[in-house]
Amino acid sequence: MRNDRMGVAVIGAGMAGRSHAAGYRAATTCYESGLPPVDLVAIADLNPGFAEETARRFGYARAESSWQAIAAAPDIDVVSVVVANHLHREVVLGLLAAGKHVLCEKPFAPTVGDAEAMVAAAAAAPHLQAGVGFTFRRSPAIAAVKHRVESGAMGRLRHFNGRYWCDYGSDPNGPMSWRYKGGPGSGALADIGSHLVDLAEFLCGPIASVRGATLSTFVERRALPLTAGVGHAATQLSDVTEPVENEDLVTFSAAFSSGTTATMSASRVAIGLANSLGFDLFGEHAAASYELDRPGQFGYFDRAVTDDTTGYRTVPVGPAHPYVSGGFPMDFPGVGFGQNDLFVFQARAFLEQVAGLDGLPRVPSFAEGLRNLRLLAAVTESARLGGAEVEIR
């Protein structure tokens, strides 16, 4: 840090990049004082218009057109990498070599080999903080369920049923993008399944093996766009089409080291469900459920009530749960919040790490990002072998 200040930059001005930019902007408004002053320095993107608009919108001092400009800038200390997956290794290694603290979006890398190189680079620079953006760990409701698990209230876990169902790929007239390139396992599994797999381990512990995996592709070709778009936005299409190289849907089951079983699926063609993450978790003594479209609550069942009102109850998230007290301007039960707020908590946690503060739980490490890649690779291998069981190594 320079003179006890932290300069922040975001590389990538797309949908998730803007969420990181907004997260840093609000991070200093949360929780207790103690963070050094944070300077919102730069947004970088190959599309100058995207970079300039994002910098203006979220109050960053300037726009850049390359990650190299961010790496060379002496007034930048902390960088979020929010670009296409296949670019992560080059950008992250360059930033670490330049002495920057790095928060990299998921999926961590395109291959296990790339991830191993990134972990090694971070280990060679122990004075730098390096983390991976599994934002759903920051959900107050999900963290509250984790607390119930860790307290022993749910007893031995038996079954995790998780799904991340989206429809951004359901329209065959949607444009070709990097999300549809990269080979088996780099589609719905990597893009949204990486979040689901991370949550499964966050709640239930390490996965020992996966089996029964299937990868399905329903839209086999897409037209190249004539103009750039942000996120999953529609754009004007050309007459040139290219083959889709990865999966629209993945389903698989998993066995945890604890003996818990999981069933999971991730889809980008679940028409009508724009962004539907959810899970049911069943233990020996209790059960819990969560749906992203109702982020301010979770479902819970135990045997505390035994009369004719027994059953699942809805638990509203409030100050007694993680992240809420001090995390919102109005930190009161029933006041709405959503997925964008999780980026604020993530940004705050990473800035605390860089500043050496012991506040929020630390951001997942590069080693955890590598672990996630190995799990995704095992699912892909199970599908290649016709559903065979694959152990996690």
Side-chain angles (χ1 to χ4, degrees), residues 6 8 16 19-20 22-24 26-36 38 78-81 101-108 119 122 126 128-154 157 160 162 194-207 256 277 279 281 288 290 292 295-296 298 315 317-328 331 337-372 375:
M6 288 190 287
V8 172
S19 299
H20 279 251
Y24 286 119
T28 57
T29 69
C30 299
Y31 308 113
E32 298 178 359
S33 61
L35 274 183
V38 175
V78 179
V79 184
S80 276
V81 176
H101 305 278
V102 178
L103 174 58
C104 183
E105 254 301 332
K106 48 52 60 187
F108 182 46
V119 169
L128 298 175
Q129 297 297 319
V132 183
F134 291 114
T135 51
F136 289 111
R137 293 193 187 192
R138 304 289 164 182
S139 160
I142 293 173
V145 172
K146 181 177 174 65
H147 175 73
R148 302 301 296 173
V149 172
E150 292 178 337
S151 73
M154 296 186 67
L157 299 181
F160 173 90
S194 54
H195 273 306
L196 185 61
V197 168
D198 180 69
L199 276 187
E201 289 206 315
F202 181 63
L203 293 170
C204 305
I207 292 173
F256 293 82
L277 169 71
F279 65 79
L281 180 60
Y290 172 81
L292 181 57
F298 62 95
V315 182
V317 169
H321 298 120
Y323 297 101
V324 175
S325 184
F328 302 109
D331 48 3
F337 65 91
Q339 188 173 347
N340 285 314
D341 295 295
L342 310 187
F343 287 92
V344 178
F345 301 153
Q346 175 179 264
R348 173 72 186 212
F350 194 59
L351 292 173
E352 288 182 351
Q353 281 183 227
V354 172
L357 302 178
D358 186 16
L360 295 180
R362 295 172 65 86
V363 171
S365 67
F366 273 20
E368 290 171 274
L370 171 58
R371 163 80 182 177
N372 187 262
L375 285 164

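All of these numbers come straight from a predicted model, not from anything done at the bench.
- Side chains of Leu203 and Phe279 form a contact here, defined as non-hydrogen atoms less than 4.5 Å apart.
- When all heavy atoms are compared, the tightest approach of Cys104 to Phe108 is SG-O, 3.9 Å.
- How far OG of Ser151 is from NZ of Lys146: 11.5 Å, rounded to the nearest 0.5 Å.
- Distance alone, capped at 3.5 Å, is enough to place a donor-acceptor pair between the Tyr31 side chain and the Tyr323 backbone.
- In this structure the side chain of Met6 reaches within 4.5 angstrom of the side chain of Leu35, judged on heavy atoms.
- Not one N or O on the side chain of Gln346 forms a donor-acceptor pair closer than 3.5 Å with the backbone of Val363.
- Between Phe366 and Ala122, the closest heavy-atom pair is CD2-CB, 3.7 Å.
- Between Leu281 and Val149 there is a side-chain heavy-atom pair separated by less than 4.5 Å.
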For the pair Phe350 and Ser80, evaluate side-chain contact (heavy atoms from CB on, under 4.5 Å) and give the outcome as yes or no after the intermediate values.
-> CA-CA 10 Å; Phe350 194 59; Ser80 276; over 6 Å; no
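- The two residues Val132 and Gly369 make their nearest non-hydrogen contact at CG2-CA, 4.0 Å.
- Here the closest non-hydrogen pair linking Pro361 and Ala349 is O-CB, 3.6 Å.
- Side-chain atoms of Asp331 come within 3.5 Å of backbone atoms of Gly326 as a donor-acceptor pair (strictly under, hydrogens ignored).
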What do the steps show when you test Val102 against Val81 for side-chain contact (heavy atoms from CB on, under 4.5 Å), and what is the final call?
-> CA-CA 7 Å; Val102 178; Val81 176; 3.9 Å; yes
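- Annotation: side chain of Val8 is in contact with side chain of Leu351 (closest heavy-atom distance under 4.5 Å).
- No hydrogens or angles considered: nothing links the side chains of Gln353 and His101 as a donor-acceptor pair under 3.5 Å.
- A donor-acceptor contact shorter than 3.5 Å links the side chain of Arg348 to the backbone of Cys30.
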Under the side-chain contact (heavy atoms from CB on, under 4.5 Å) rule, what do Leu103 and His20 come out as? Steps first, then yes or no, please.
-> CA-CA 10 Å; Leu103 174 58; His20 279 251; 4.0 Å; yes
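- Listed for the Lys106 side chain is no donor-acceptor partner under 3.5 Å among the backbone atoms of His195.
- With rounding to the nearest 0.5 Å, the separation of CG in Leu357 from CD in Glu352 is 5.5 Å.
- Checked against the 6.0 Å centroid criterion, the rings of Phe298 and His321 qualify as a close aromatic pair.
- Glu368 and Arg137 are joined by a salt bridge, as a carboxylate oxygen and a charged side-chain nitrogen come within less than 4.0 angstrom of each other.
- Panel note: side chain Ser139, backbone Phe136; no donor-acceptor pair is recorded below 3.5 Å.
- Taking CZ of Phe134 as the start and CZ of Phe202 as the end, the distance is 12.0 Å to the nearest 0.5 Å.
- Contact annotation: the side chain of Leu375 never approaches that of Ser194 to less than 4.5 Å [non-hydrogen atoms, C-beta and beyond].
- The nearest pair of heavy atoms linking Asn340 to Ser19 is OD1-OG, 4.0 Å.
- For the residue pair Gln339 and Leu292, the shortest heavy atom distance occurs at OE1-CD2, 3.5 Å.
- Note: Phe345 and Phe328 have perpendicular aromatic rings, judged against thresholds of 30 and 60 degrees for the angle between ring planes.
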Stepwise, does the side-chain contact (heavy atoms from CB on, under 4.5 Å) test hold for Glu201 with Asn372?
-> CA-CA 9 Å; Glu201 289 206 315; Asn372 187 262; over 6 Å; no
